Protein chains: 2
Amino acid sequence: MPLSREKIAATAIRLADAHGLDGLSVRRIAKELGVGPMRLYDYVLNRSELLDLMVDVVYARIAEAGQRSEWRARVLAVAHATRDAALDHEWFSDLLGGRPHLGPHALAVGEATAAALSQAPGVRGIDDLQRALGALNAFIIGAVRREVTERRTTRSTGTDEAAFQASLGPYLTRMLKTGRYPTVARLVIDGAHLNAEETFDHNLTTVLDGITSRPRT
Amino acid sequence: MPLSREKIAATAIRLADAHGLDGLSVRRIAKELGVGPMRLYDYVLNRSELLDLMVDVVYARIAEAGQRSEWRARVLAVAHATRDAALDHEWFSDLLGGRPHLGPHALAVGEATAAALSQAPGVRGIDDLQRALGALNAFIIGAVRREVTERRTTRSTGTDEAAFQASLGPYLTRMLKTGRYPTVARLVIDGAHLNAEETFDHNLTTVLDGITSRPRT
DNA sequence: TATCTGTGTATACACCGTACGGTAGCGAGA
DNA sequence: TCTCGCTACCGTACGGTGTATACACAGATA
């Protein structure tokens with residue numbers, strides 16, 4: 001088993017899944033592979049190129065969702081696949097939107113969604129397409145990022161309200177008790193019960209409807 | 001001048017503006033202040049708390065835009081202020097959505113936009129508000145992030161098409177020449193002339209219109 | 001056999017965040 | 001006034017990072 005970019009990327013992904021991006025070091029990957037650290041630089045230029053590699057592996061999974069024929073189904077599938085991938089690999093959301101994703105599979109995903117959107121009603125010229133793609137991708141990136149960070153904090157604090165108030169409490173509950181942030185306080189207290197996927201889907205259709213100029217059903 | 005959290009945050013911001021987040025180290029800030037590195041830990045718990053500090057300073061500027069009375073004007077002002085802040089402090093976009101922003105000024109911004117959105121037509125209960133806020137923030141985060149990374153790459157490559165093709169070319173142009181990504185290719189070639197702020201504003205109103213269930217004008 | 005080439009490895013460097021121990025100054029009590 | 005204790009400050013040191021570079025060694029060729 002002579003070591004390859006794929007093998008390196010796979011173990012890097014496994015480590016990043018387990019310990020996050022901060023816990024992912026070249027030395028550690030090498031140790032996991034039973035190799036000296038410098039060995040990796042024969043297959044990869046940088047640490048950042050290694051990250052690009054990992055990202056594109058994830059995009060490969062997302063690209064499989066872009067096979068649908070009808071434009072709206074395809075966009076929905078890609079968006080949900082991106083969300084699923086980010087929930088499986090939380091480090092992916094840290095990289096999302098951070099640098100341009102130009103790997104072959106990332107480009108394939110971009111092509112699939114762009115082609116789909118170009119068939120949407122209300123998207124007339126290439127300028128429309130550019131804008132629509134920007135809006136859609138912006139929403140996906142932001143929504144996924146938000147959801148992942150939210151998951152991280154609730155995991156570190158616990159979903160239990162008492163535990164939550166105990167960890168964030170010394171600061172956040174004091175802040176909210178000042179009465180200066182009534183709406184935020186109401187959201188924090190009452191608004192925890194929404195289903196995440198449902199919210200994502202709801203807002204996604206909102207954005208899509210906005211793009212296609214049709215009122216929400 | 002006895003050193004303070006504000007002073008530390010200010011020089012940290014200055015350094016981050018100049019050299020990016022990667023070029024921002026505790027040691028460097030300390031050296032800039034003419035102090036030993038450990039000196040900062042008397043004012044700040046972690047490097048990450050220092051980042052939180054910097055972020056909240058930026059939010060203070062954004063919060064000033066949340067003073068308008070009419071809900072839509074307020075949302076627009078906050079969104080544009082966020083974008084402006086991120087363009088002035090590109091590192092801010094790296095942190096955007098990365099961890100929960102709970103500083104007093106960040107909370108003030110959250111309160112301002114939440115209160116504004118709660119007055120929007122089509123936002124009925126607190127669940128509607130939660131969703132609407134999620135959609136809006138997701139868009140802002142994603143859009144700003146995208147724009148900043150785009151600015152970075154065009155700055156590092158140069159906006160000149162020849163220079164662009166020379167730097168990304170060996171890889172990207174080869175990829176695009178394969179014909180597997182026709183729509184992306186069309187976007188890259190034809191779609192560079194759009195005004196960024198206009199696009200942001202356009203998509204922002206698209207999202208807002210989607211939230212308020214009204215068709216785009 | 002001697003040399004050359006290329007591949008895998010170990011060492012080394014500059015830097016990072018930060019734990020820790022020490023010290024100097026200063027206000028309070030004897 | 002002297003001393004004690006405490007706080008605020010500071011330098012050093014440790015374990016880690018990415019990666020440049022020098023080296024060892026195997027296999028191929030002259």
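Residue numbers begin at 1 in each chain, while the letters A, B, ... track the order of the sequences. Just so it is clear, the structure is predicted and the values come from calculations on it, not from any experiment.
With R131(A) contributing its side chain and T199(B) its backbone, the two residues share no donor-acceptor pair below 3.5 Å.
Between the P atom of dA8(D) and the OH atom of Y43(B) lies a distance of 9 Å, rounded to the nearest Å. Taking atom CG on L21(A) and atom P on dT17(D), their separation rounds to 14 Å, with Å as the unit. We find that CG of L15(A) is positioned 12 Å from P of dT17(D), with the value rounded to whole Å.
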Next on the checklist: Base contacts versus sugar-phosphate-only contacts with protein, heavy atoms under 4.0 Å: please encode nucleotides 9-24 of chain C as B, S and - from 5' to 3'.
Outcome noted: SB-B---BBBBB----
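For the helix from dT1(C)-dA30(D) to dA30(C)-dT1(D), the terminal axes (five pairs an end, C1' atoms, rotation from four pairs onto the next four) enclose an angle of 40°, given to 10 degrees.
A60(B) meets the side chain to side chain contact (heavy atoms under 4.5 Å, CB included) test with H105(B); sequence neighbours excluded. Take R14(B) and apply the salt bridge (charged side-chain N to carboxylate O under 4.0 Å, His left out) test, not counting sequence neighbours, and it matches E32(B). In this structure, the side-chain hydrogen bond (donor to acceptor under 3.5 Å, both in side chains) partners of R151(B), at least two apart in sequence or on a different chain, are E90(B). In this view, H89(B) and W91(B) satisfy the ring-ring contact (aromatic ring centres under 6.0 Å, His included) rule, not counting sequence neighbours.
The ring pair (Phe, Tyr, Trp, His ring centres under 6.0 Å) pairs that include a residue from residues 44-63 of chain A are Y59(A)-F92(A), Y59(A)-H101(A), where partners are two or more places apart or lie in different chains. Sequence neighbours left out, the pairs with a member in residues 56-67 of chain A that pass salt bridge (charged side-chain N to carboxylate O under 4.0 Å, His left out) are R61(A)-D88(A).
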Taking only distance into account, with no hydrogens and no angle test, what donor-acceptor pairs under 3.5 Å do side-chain atoms of residues 23-30 of chain B form with protein atoms, sequence neighbours excluded?
{"from": "S25(B)", "atom 1": "OG", "to": "R28(B)", "atom 2": "N", "distance (Å)": "3.1"}
{"from": "R28(B)", "atom 1": "NH2", "to": "H19(B)", "atom 2": "NE2", "distance (Å)": "3.2"}

